[in-house]
Amino acid sequence: MKSLQQKMFGEFASGNLNDKVNQANKEYLKIIHQREVYPTDEAVQKLEVFDEELQNSSISGEEVLNRLIEFGAPATVAQLGGRYFGFVNGNAVPAGLAAKSLATYWDQNSAMHVLSPITSKLETVAERWLKDLFGLPDSTAAGFVSGTSAANLCGLAAGRFRILQRAGWDVNENGLNGSPKIRIVAGKDAHSTVLKAIGILGLGKANIEWVEVDDQGRMIPDALPTLDEMTLLILQAGNVNSGSFDPFNKICQKANKANAWVHIDGAFGLWAQASNELQYLTKGIGLADSWAVDGHKTLNTPYDSGIVLCKDKDALVSALHMTGSYIVVSKERDGMFYTPEMSRRARGIELWATMKFLGKNGIDEMVTGLHHRAKQFATEISEINGFHVPNDVVFNQVLIQCDSDELTAKTMELIQHYRDCWVGGAMWKGKKVIRVSVCSWATTEEDISISVKSFEKALREVQSLESV
Ligand SMILES: *Cc1c(COP(=O)(O)O)cnc(C)c1O
């Protein structure tokens, strides 16, 4: 009998598992644009096969993969298609997806240059390209993290470190017990992950000074409290419902005068800066101190890819390392100094590959295209009796309402049941809305029309049931 080790050597050498994965992936991509957007109830039901005790003996790799291919694949959500509009997600550019797959086989640890020179190089290049695309100051450093949740945490940690350090307090050494008080100023529509970060950082959600927002969810500059050098001001590029942008230029100028720290949560919206048509929305972002942005939303890198950018490199590095000072381990980039983790997969590879594939014009075209498809959705749905769009579609988000909350909820349920597209719900200004987020490179004009038809069919069916 073969030993376990012999079996694994054999699986590496034969390449059978790779062939199987390649074949399965090929088939998956072939059908993903036609398949129902959300898995069928039957496919979800069948996930029961995974509910078992771990067996004693090792099985073959092939059996493991068979199970995933047979039961896992049908239960996936078709995010790679063109009609998934739920939450604010994203597709994956083919070259990025393929590069991730390549990097999976390389299985690099991105902690330090000495652990993976290729990862260190591509992170260095990606950092430079991102700074250029977003028009950020030259001193800006980037950390490659799992998403904007982590990036918000890192950016705010850098701000916390610097504000207290300027006040003569080392937060790494002394913590927050007895520290000078940091003021936190945020718009009433700040994203939940910002609040989570504030909680984790020990700053206390109850300490937030909330700023009034307008009918689109934008911070009202005149509603800002007096800012000072103890203030951590949190702005937003891309409201998660309406897609609106805070007026950065005006607010950042005020904040800079007061020497406050400005953090921008730009998970999906920061990419407006890469679009000629839309960069009026991000005017002034370069005046902030830290930024959080996702690759896996608007840029369409595969999951998980988020980036923290910080103008004050020393603050970022100090905040994420308990030494409080910047240690240079090698002359090249050691990625772990810019992230909470030490060991980390090489997500910089697919980020680099996605940007390299698209080029500046390609990124512009893709981001602008999402906006145009969102506008198309808003226009077509508004022409149908019984639907209203309560937000200005400035970016990729469209909010849709029926004549009552009940109608909106029932219509959405039916749309989800049809599976021609997938949309989720939210509350907007106290009323239920269906939220459409156009985030996929694959969304065509036809996809929008098919989805709008599905909306119409759902509403008519709900109305006909109501009138019985
Ligand atoms: C999605 C999102 C986040 C969280 O990002 P993750 O990548 O999911 O961690 C934060 N802020 C905004 C505005 C978002 O849209």
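Just follow the structure's listing: the first ligand is 1, and inside any ligand the first atom is 1.
- Between the choices Gln397, Lys297, Lys196, the shortest heavy-atom distance to atom 15 (O) of ligand 1 belongs to Lys297.
- For the 3.5 Å distance criterion, the side chains of Ser244 and Gln216 fail to qualify, holding no donor opposite an acceptor.
- For atom 9 (O) of ligand 1, the nearest non-hydrogen atom from the set Ser146, Ser149, Gly147 comes from Ser149.
- Using cut-offs of 30° and 60° for the angle between ring planes, the Phe87 and Trp422 rings count as parallel.
- A donor-acceptor pair shorter than 3.5 Å cannot be found between the side chains of Asp304 and Ser146.
- Heavy-atom contacts of Phe268 reach the following atoms of ligand 1: 15 (O) (cutoff under 4.0 Å).
- Residue contacts with ligand 1: Thr148 is placed with a nitrogen or oxygen under 3.5 Å of a nitrogen or oxygen of the ligand (distance criterion only).
- Interface atoms of ligand 1 facing Gly238, defined by a heavy-atom separation under 4.0 Å, are 13 (C).
- The residue Phe87 has no part lying near ligand 1, judged by heavy-atom distances below 4.0 Å.
- Between Phe85 and Phe377, the angle of the ring planes goes over 60°, which puts this pair in the perpendicular group of the 30/60° scheme.
- Atoms of ligand 1 found under 4.0 Å from any heavy atom of Thr193 (numbered from 1 in listed order, with element): 3 (C), 4 (C), 10 (C), 11 (N).
- For the ligand labelled ligand 1, residue Gly306 lies outside the 4.0 Å heavy-atom shell.
- Proximity of Asp265 to ligand 1, defined as any heavy-atom pair under 4.0 Å, is confined to the side chain (atoms from C-beta onward).
- Side-chain contact, Thr119 with Arg347: no donor N or O sits under 3.5 Å from an acceptor N or O.
- For the pair Ile118/Trp106, a side-chain contact is recorded, criterion being any heavy-atom separation below 4.5 Å from C-beta on.
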